[in-house]
Structure formats: structure tokens, C-alpha cells
Amino acid sequence: MVKHENFKTCAQSGFCKRNRQFADDAASSSWTSPYALDPASVTFKDGQLAATVLKTLKEGGEKVRLPLIVTFLESGVARVTLDEEKRQKGDIVLRGDSKARKERYNEAANWAIVGGLEVATGAALSAEAETGYTKVFYGDGGKHQAVIRHHPFSIEFQRDGETQVKFNDRGLLNLEHWRQKVEKPKVEENKDEEKKEGEEEKKEEEPKVEEPQGEDESTWWDETFGGNTDSKPRGPEAIALDITFPGYEHVYGIPEHATGLSLKTTRGGDGAYSEPYRLYNADVFEYELDSPMTLYGAIPLMQAHRKGSTVGVFWMNAAETWVDVVKTKSTTNPLSLGLLGHTNTQTHWISESGIMDVFVFLGPTPQDLTRQYGELTGFTAMPQSFAIAYHQCRWNYVTDEDVKDVDRKFDKFKIPYDVIWLDIEYTQEKKYFTWDPLTFVNPTKMHKHLNKRDRKLVAIIDPHIKNTNDYPVIDEMKKKGLAVKNKDGNDYEGWCWPGSSMWIDCFNPAAIAWWKTLFKYDSFKGTAPNTFIWNDMNEPSVFNGPETTMPKDNLHHGNWEHRDVHNINGMTFHNATYEALLERKKGEVRRPFALTRSFYSGSQRVGAMWTGDNLAEWSHLHASIPMVLNQGISGFPFAGADVGGFFGNPSKELLTRWYQAGIYYPFFRGHAHIDTRRREPYIPGAPYTEIITQALRLRYQLLPAWYTAFHEASTTGAPIVRPNFYIHPEDESSFAIDDQLYIGSTGLLAKPVTHEGADSVSVYIADDQPYFDYFDYTLYQGAGHHTIAAPLEKIPLLMQGGHIIPRRDRPRRSSGLMKYDPFTLVVVLDKDGNAQGTLYVDDGETFDYQHGAYIHRRFGFDGKRSALTSIGLGTRGAKTDAYLKTMAKVRIEKIIVVNAPSAWKGKSEVVVSEEGAKESARRKKVAFEYFEKDGKKAAWAVVRDPKVGVGKGWKIDFS
């Protein structure tokens, strides 16, 4: 179980405790927020409003100047930043000869933001604002409005005249300004008299002249936890703000937490948590479920959803952050007939340091929000095609012969897989970039063996570098000064897997440049073009550090304190590895594959993530679905959980059901702890091995649909697996559903079995379209819950009418061997007899797709014309023709039409025409077979081998 004593609660985290207290004080009727905008300071130019917010200190009326900038972007997004003038100018004194930067951290955007910052030229100040207010119209057609109240300072963001998001509505804005510590004169003590316990602490808590009576200073100047004292050279510096979503009951996002998709309240309310959601990347051993406790990654994006509207905020801060969620119901006035009461969600964001930098999204659809967030932080990197197939991992495959033996057994049992993984034991004494000479005697031969079946190997490389003699990597890192420093500016030394270790500082461009050299084939000997990398422990995990991580007063490149950048740290390491994998040999540029455990906004640009060290328990299988869904709607959809559970030994039933669920994770990997029994899919025996193999084959069969969904994610920011609210944003009864999912835009609806002994599932259908069982075409129709039989060998998977699903039906040993296989199209007609879908294909390896080397088709079935067509969606580029030539012989070998019209009964052929075909073959007749409806099973039809090219335009006439 998780060791709670190793991790802080809000009450043990000084700045969180202070700001929760601030919120309690602000709830009193006499409270007035001390922040006001100086109207004389307002300027507006080129879509940007600048002003000064004044914070009035209670005694003497002294005012702290806080520069405010509100930027209105072309995308319809607004950005609000608030800083502290004194610190901007460096006009402060650091305590204890600290080398830390004096400014508030303002470089998160350098890591998180890659685009979307074009300023809206059409944004305009309103001439009709009431006294005490400033208004700006922005967004498409000026439909958005920012209403800024001067005193007390607050902002309302409106869409079409209705308020969607409120800043400081409850007066919880609190920027802890810099103040000098007033040292108490030391009193000479009587040497004979022993100091009473707690006396020093009492002195510390005496009120200072500057602040009002009763303010608790005990955590202002230093803070001790778990035997480590944080020196806090800049004193208290938290930034906090309340953000309200009026009329919104459901909020989602702020991963990573082991919770449901719709976030629970954290103060008061039924079934509430007592702690705020915490974002402070940490190595949490055996994490617990249904908890707001922090995990390995942080994406401070929250979206609020109600019928007909999705809005959101991105709180771009890299420091430790806590978020309280409170839901209040507004009671209906009994005299207002017909008006229902509604729920407001009130959130309170509290970060330890840095500037306030918040983006506001006004939707109005979930698709708008994920697109706009993706335009800012980047879309998912298009992976190599092997990366979305099955990965086999454990801690550890113990020798190179062990690796080859596992590989051979997959083939013997005809189980497809693409990648085998090595955890830390492959190294020589935990020294990265080495192989254990006794156990991995010939890594080159091992790679060649895997390559015969187009398979890959992933090796782990962590950021802690063993501090030992005769190890060139540590020697170079020290000599070049590329390690993270302690508060005194010396190389920081901590404890991790290798024992004494130092950490590469990937905020430093010189460190990235050096890191790239280590992955060259002639540096990391024994690796090959089919070697890829796994970054673990990059929160960073430090076994003897506070909360199992680095001290907050450590220093990074540019002398930023670790407290300022903690949540971005893991992404900088992941990014350095991605850069290193791009070109390991001159002229050989390939799409990297790098898995990370720690992440932040923007990590989606450089690889995949997984949910860390889960347990082999049914509850963890169940929890994995909302966790992966939440990653998807939060902009990092290449996500998965360890299939089978990392800790412990799953029963054969649990292992089987986990594979049946894992085929729906965008990142699909089986993994296990060093102390567990072996559990590769061929081990459980009949009937389990056969059932797991069926599940794996289903994943491989649908790889074209998955790859198309990845392409959509990489161009629009859409999630790869999608929750109900994303597909059916009008259906209020499904907003909290998080145990079923849709795959991309395919209309495939999956409901994994996540309970022991279950032989059926209840699938919720949100609309009136027909849904059909993927395997036998049984019809389910009508909004509401439908029970579907799910004995162990059955995977509950439905196809929504109106979609065309591409797949490849020939079973192969790896995805690479399917590269030139023909396609099958499953045309699932909707209630009006229509369907459409897309297919995206490229070489699955290089960046040539950026120069037109791809096939992107839209398939459409028109019920009125009774015709199926293929239309090109791509734009031509320099490499289009060469790629199409390689794919010239790849065809559509079968078309299945589900929900086929009864008028086709008795029909035996269809007419096929293809662009560019010879005159004689322009309208060819192809055999057709119709199968009548059978009880609840829909009528269906099949066209066998129409012989049309996947990259060509064509039409099949069924009339």
C-alpha cells in the first residue's frame, strides 16, 4: 500500500494550508478582496490589454504593484498573466546567499507552448463599459467578451452574452508578494537554563510588523518534511486564484490522478474528497485508487461541460499545485415557473511559485477545446506504426537468450507482438548506455534475431547517472557541468537504483546536445535501428529525497529553483531523448519512440505515457479506463496502463480480461514486477492463451482504424479513445460515464469487462442510431442501457450505424509484416441507409508523410444512390508519386455491408469502376452475396475482391 507518511497533505504543505485558510477567511461576509485594477494604468493595443493590479496591504495602505496582461488570441482563446513588479525588476534580497533567480518563473511557455499565440487583430475595447469596468470584444465575430471589474479586481469571460468562466469571483486571488524577513534580535540565554522545547518555533510565529496580527509565518521562511529542510530563499511566493464555471456541473481533466473522469468535490458535498487534487509529479509506490493524491504527471488543463457547451482553463504553472473543487446548487425561485436550478462548479487553484499564466477556452464544443489546446501545446506526435501494436515487457528479461526464447515462443503459439522491452537489469551495474557482459553477451545478434520478424527492442534509460569511477558518462557530465545543482551550486547527489547518482539537467541546451551524442550507434554500442527508449523515474524519483524527489531549493540551468520547474522536469528529459533518437546515424532520420512516466502539457509531442506502477487487481483494471480517457481529453492521448498489473500475480481470468481491455489502450503493453511469476500470453494455457490471442488479433486487425485515429489526433488534437460526453455532448445522462469508450471517429463502442466473474456488461447507448455487435451483427437500438452477453471468450464491441471501418484481416506475427496486406472495409449503415469513414496510411516509419507520402481517403456510402465511393483527402507533395508507386498493388480485398437493405436480396453482382483503369475494365462486374436478417442479427452483404486500389478513386454501384 502507498506510504502516506512520505507525501504531504495540504495541511503539511505550507502554501496550500495558507491559501485554504485564506479561502475560509474570504467566505466571511465582511471580506473584501485586497486587489484592485488601477483604471489609469489601462492600455489596449494590438489585441493586448495591459494594466496594473494593486494589492493593498492592510496596515498603512501600502500597495504592491502587479503587472497584468490580457492577450486575446486569433483562435478565440484569452491569456491572462499576472506578475510582481518588484521581482520582475530584481528589486528583492535573497536570504542565505542564495544563487536562485529573483524573478517569478516565467519560462513555462518555452517548454509547453509551440503555437497558437497569434494575436487577434479584431479584438476591440468596448466604448460602452459602465464605470468601474473595462470590456473587450474578441473571438469569431466578436461573440466573446471579457468583462474586467476594477474594484475588487475580477474578470468574467462571456460567450454570446452569457458568462462562462469567472476569475476571482469569490475573492480568493492571492499573490504572496515578496517581503523581507525581520530577524529577531538574539537574546543572550542563561547558560544554566535549558531551552524549553518549542521555544524557537514560538518566536518564529510572533507577528511581524508588516503583516496583520494572527498570520501564521511558520512555513514562510523554511519548511521541514521527512527530514529535509527547504530553505526558501525568496520566502512565501504562492499564487492562487478562484475560477468559477457557472451552470456547469461536470469538470474533467487535471491528470494524473487515479479517479473517475468527472472530478469530485474536495470540500464539503456528498462522497467528497477531503484533500484538493494535487499536481506534483512523484514516484508513488503502489498508488491508491479513488484519490486526489498526486501521481507521476501533471497537465493543469480543466474543462467544464454542460449540455451544449464546453469551456476550459489551462493553468500554465510548473510548480507544485493544488486544486480544490466545490459544487454549489443554485435553488430555483419557486415563482420562476419552468426554470430549473443549476449547479456551479467553483475551483481554487494554488501554486507554490511562478507567475499566474492562464489560458481561457470558450469552446463551445469539446472538439473546439481539444483543438485549441493542441494548437498551443502541440498535437500528438505521429508514431511509427509498430508503436501502436502490442509491446511485451517485464522487469526483467534476464539474458539475451531469454529475449530470443520469449520471441520464439510468441511465434510458436502464433501470437502477434511487435516489441520486447528491457528494464534496468540489462545494464552493467545500473550504468546506462552499457550492457551486462555476463547476461547480454551479444546484443547485436539479439537485435538481428528480432529484426527477422520486423520486431523492435525498447531499453530503459533513466535520468539518474551512477556516480562511480570508471564510467565515462558520469565523468563527462561532471566535467561539462551538466548535472542539476544543489542550493549551494554544487552537483546534487542523491540515491536511486544505481545507489549514489547525479541527475542530468535537460533544461540546459548544452545537456541536450551532449545527451544526443550518447545514443549514436557508435556510442551506445549494441543498439540498432530497431532499438527504442523508455524513460522512467523522471519525476525525478530520488529515493532519499523529500517526497521521494529532489529538494525544491536545488538549482537548474539559469538558476531557476527546482520548485519553479518541478512538473516540467520530466518532460525536458523525455524531450532530450526524443531529440537524441531522431538521427542516431547521419542521414537516417526516423520517427522516435520514447515512453515516459512523468509528463506535462506538451509531452504529447514527443511520445507515449503509461499510468505507472498499478496492481494486479480488478479495481486497477477498472480504474485504468477513466485514467486513459482523461489523458485523451487532456491532450496526451498516447496513453496506456500496464496490462495484467505491475505488482502482484493476476488470476488467469483477470489476466485474460485485462488483455481484452488493453486492446483499447492507445499504448498497449503487458508489464510485470521482478518478483511476479512469468505471465506472457502463452503461459496461462487453454482456454486463456487462445482467448488472449483472439484479443491481440482483434487489435492487429483494427490497426488501420487505430492508425487513422492517431493521424486525426496528430492533426486536430482529438482524443484517440473518447468518452461518451465527447461523442454525445448533448446527452446529459452520459456525462459521467467513464467505463466505456469510442475508438477515434470509427463508431466502434467498447465496454471492457472489469469485474470478476461477470458474464455480461451493460452498455449505454446515447442516441437512436442502430448499433451492431462487431462479431455477429446483433442489433441494439434505443437510448439507454443494453445488456450484452460477455462470457470469458467474448469481447463486448459494438459498431454504431453510419460508419465505415477499415481493417486488415490476415493474421501476421508483427505489424511490420502487414505493411502491404490488402484491406477490408466494414460499411455499417445508419437508420437512413448512409455511412462514411476515413483511412490514413503512410510508410509508418519516416517523416516522408510531411512531403505528401501518404494515402488519405474518405469512403462514403450514399443510401439514395446505393453507391460506395472513395475520394482522396490528401494534398500532393514532393514524395506523393514515389509513395503511391510502392502502394500500387495494395488493394481492397473485401467489403462487408452491415444492415444491408432487403432490396438487395437476390442480387448477385455489383458494378465497380476505378479511376485510371483501362477502358475495358472501367465498369467491371464483381460477385456479391446477401445474407438475410436472422432474428436479432442484421442482414449483411459481402463484395469479395473488388480489386480496387487503396490509393485510388473508385465507385461501387449496388443499385
> Have E275 and T266 got a donor and an acceptor in their side chains that come within less than 3.5 Å?
Replying inline: no
>> Minimum heavy-atom separation for F15 and A238, please, with both atom names.
In response: CB-CB, 3.8 Å
>> Can you tell whether the side chains of K485 and D491 come within less than 4.0 Å, N to carboxylate O?
In response: yes
> E352 side chain to T321 main-chain N or O, any donor-acceptor pair under 3.5 Å?
Replying inline: no
> Do the charged groups of E103 and R87 touch, with an N to O distance under 4.0 Å?
Replying inline: no
> Say you draw a straight line from CG of N630 to CG of L263; how long is it, rounded to the nearest 0.5 Å?
Replying inline: 7.0 Å
> Any luck finding a side-chain donor-acceptor pair between D505 and H556 under 3.5 Å?
Replying inline: yes
>> Taking atom NZ as the centre, does K86 end up with more than 12 heavy-atom neighbours from other residues, nucleotides or ligands that are less than 6.0 angstrom away?
In response: no
> Does a side chain donor of either Y296 or T611 reach within less than 3.5 Å of an acceptor in the other side chain?
Replying inline: no
> Are the side chains of V458 and L422 in touch, meaning some heavy atoms are under 4.5 Å apart?
Replying inline: no
>> Given 3.5 Å as the limit, does a donor-acceptor pair link the side chain of S13 with the main chain of C10, or not?
In response: no
>> Using side-chain heavy atoms (C-beta onward) and a distance below 4.5 Å, is F7 in contact with T548?
In response: yes
> Do T549 and E539 pass the side-chain hydrogen bond (donor to acceptor under 3.5 Å, both in side chains) test, and can you show the C-alpha distance, the side-chain angles, and the key distance before you say yes or no?
Replying inline: CA-CA 7 Å; T549 192; E539 294 76 24; over 6 Å; no
> Any salt bridge between E5 and K3, counting N to O under 4.0 Å?
Replying inline: no
> Which heavy atom of C496 sits nearest a heavy atom of S541, and at what distance?
Replying inline: SG-O, 3.5 Å
> How far does NZ of K487 sit from OG1 of T229, to the nearest 0.5 angstrom?
Replying inline: 8.0 Å
> Roughly how far apart are D553 CG and K99 NZ, rounded to 0.5 Å?
Replying inline: 12.0 Å
>> So, using side chain to side chain contact (heavy atoms under 4.5 Å, CB included) as the criterion, who are the partners of D24 when residues are at least two apart?
In response: Q21, R267
> With no hydrogens and no angle check, is any side-chain donor or acceptor of D613 less than 3.5 Å from a backbone partner on E286?
Replying inline: no
> Does the side chain of W503 reach to within under 4.5 Å of the side chain of Y492, using non-hydrogen atoms?
Replying inline: yes
> Quick one: does N538's side chain have a donor or acceptor within less than 3.5 Å of a partner on F573's backbone?
Replying inline: no
> Are side-chain heavy atoms of F359 and V80 found at a separation under 4.5 Å?
Replying inline: no
> Are the side chains of W349 and V358 in touch, meaning some heavy atoms are under 4.5 Å apart?
Replying inline: no
> Closest approach of W497 and D462, non-hydrogen atoms and distance?
Replying inline: CD1-OD2, 4.1 Å
>> Is the ring pair F519/F433 parallel, tilted or perpendicular, if the boundaries are 30 and 60 degrees?
In response: perpendicular
>> Over 60° means perpendicular and under 30° means parallel, so tell me whether H566 and Y280 are parallel, tilted or perpendicular.
In response: parallel
>> Determine whether a donor-acceptor pair (N or O, by modelled atom type, separation under 3.5 Å) exists between the side chain of S291 and the backbone of E288.
In response: no
>> Check this for me, if you would: do D290 and K264 make a salt bridge, where the nitrogen-to-carboxylate-oxygen distance has to be below 4.0 angstrom?
In response: yes
> Side chains of N467 and K478: do they bring a donor and an acceptor to under 3.5 Å?
Replying inline: yes
>> Could you check whether any side-chain heavy atom of V64 comes within less than 4.5 Å of a side-chain heavy atom of E85, counting everything from C-beta outward?
In response: no
>> Using the ring pair (Phe, Tyr, Trp, His ring centres under 6.0 Å) definition, which of the options W395, F593, Y426, W610 pairs with W534?
In response: W610
> For residues E493 and S500, is any side-chain donor paired with an opposing acceptor at under 3.5 Å?
Replying inline: yes
> Between CD1 of I674 and CZ of F646, what distance do you get to the nearest 0.5 Å?
Replying inline: 9.0 Å
> Quick one: are V473 and W514 in side-chain contact, heavy atoms under 4.5 Å?
Replying inline: yes
> Counting N and O atoms only, with roles assigned by atom type, does the side chain of H620 sit under 3.5 Å from a partner on the main chain of D642, one being a donor and the other an acceptor?
Replying inline: no
> Given D436 and Q428, is the side-chain hydrogen bond (donor to acceptor under 3.5 Å, both in side chains) satisfied, shown in steps?
Replying inline: CA-CA 4 Å; D436 187 316; Q428 183 176 15; over 6 Å; no
>> So that I can tick it off, tell me whether E84 and R65 are bridged by a salt bridge, with the cut-off set at under 4.0 angstrom between side-chain N and carboxylate O.
In response: no
> Between Y471 and K466, is there a cation-pi geometry (under 6.0 Å to ring centre, at most 45° from the normal)?
Replying inline: no
>> Nearest 0.5 Å, please: how far is CD in E425 from OG1 in T427?
In response: 7.0 Å
> Got a second to check how far M537's CE is from T596's OG1, nearest 0.5 Å?
Replying inline: 12.5 Å
> Strictly by modelled atom types, are W111 and E107 linked by a side-chain donor-acceptor pair under 3.5 Å?
Replying inline: no
> Among side-chain atoms of D222 and S231, is any donor-acceptor pair under 3.5 angstrom?
Replying inline: no
>> The criterion is side chain to side chain contact (heavy atoms under 4.5 Å, CB included); which residues satisfy it with F285, sequence neighbours excluded?
In response: F647
>> Whether the H464 and Y432 side chains hold a donor-acceptor pair (N or O, under 3.5 Å, no angle test) is what I'd like checked.
In response: yes
> Does T259 offer a backbone N or O that forms a donor-acceptor pair with the side chain of H257 under 3.5 Å?
Replying inline: no
>> Go through it in stages, so that I can follow the logic: the residues are N554 and N486, the test is side-chain hydrogen bond (donor to acceptor under 3.5 Å, both in side chains), and I'd like the CA-CA distance, side-chain angles, deciding distance and then a yes or no.
In response: CA-CA 4 Å; N554 271 7; N486 63 19; over 6 Å; no
>> For the backbone of I474 and the side chain of E476, can you confirm whether one donor and one acceptor N or O come within less than 3.5 Å of each other?
In response: no
> For the side chain of S501 and the backbone of G499, is there at least one donor-acceptor N/O pair under 3.5 Å apart?
Replying inline: yes
>> Under 3.5 Å, is there a donor on one side chain and an acceptor on the other for T577 and N535?
In response: yes
> In chain order, what residues pass the disulfide bond (SG atoms under 2.5 Å apart) check against C393, with sequence neighbours excluded?
Replying inline: none
> Pick from R104, K552, R101, R234: which one makes a salt bridge (charged side-chain N to carboxylate O under 4.0 Å, His left out) with D564?
Replying inline: R234
>> A side-chain contact here means heavy atoms from C-beta on lying under 4.5 Å apart; do H177 and L66 qualify?
In response: no
> Is R20 positioned over the aromatic face of W322, cation under 6.0 angstrom from the ring centre and no more than 45 degrees off axis?
Replying inline: no
> Step by step, would you call Q631 with S634 a side-chain hydrogen bond (donor to acceptor under 3.5 Å, both in side chains)?
Replying inline: CA-CA 5 Å; Q631 287 292 133; S634 302; over 6 Å; no
>> How close do L94 and S98 get, counting heavy atoms only, and between which atoms?
In response: CD1-O, 3.7 Å
> Take atom CG in N110; do more than 12 heavy atoms of anything else shown fall under 6.0 Å from it?
Replying inline: yes
> Do R597 and D283 sit within salt-bridge range, that is, some charged N less than 4.0 Å from a carboxylate O?
Replying inline: yes
> E320 and K8: salt bridge (Lys or Arg N to Asp or Glu O under 4.0 Å), yes or no, with the steps?
Replying inline: CA-CA 11 Å; E320 178 186 350; K8 290 182 181 179; 5.1 Å; no
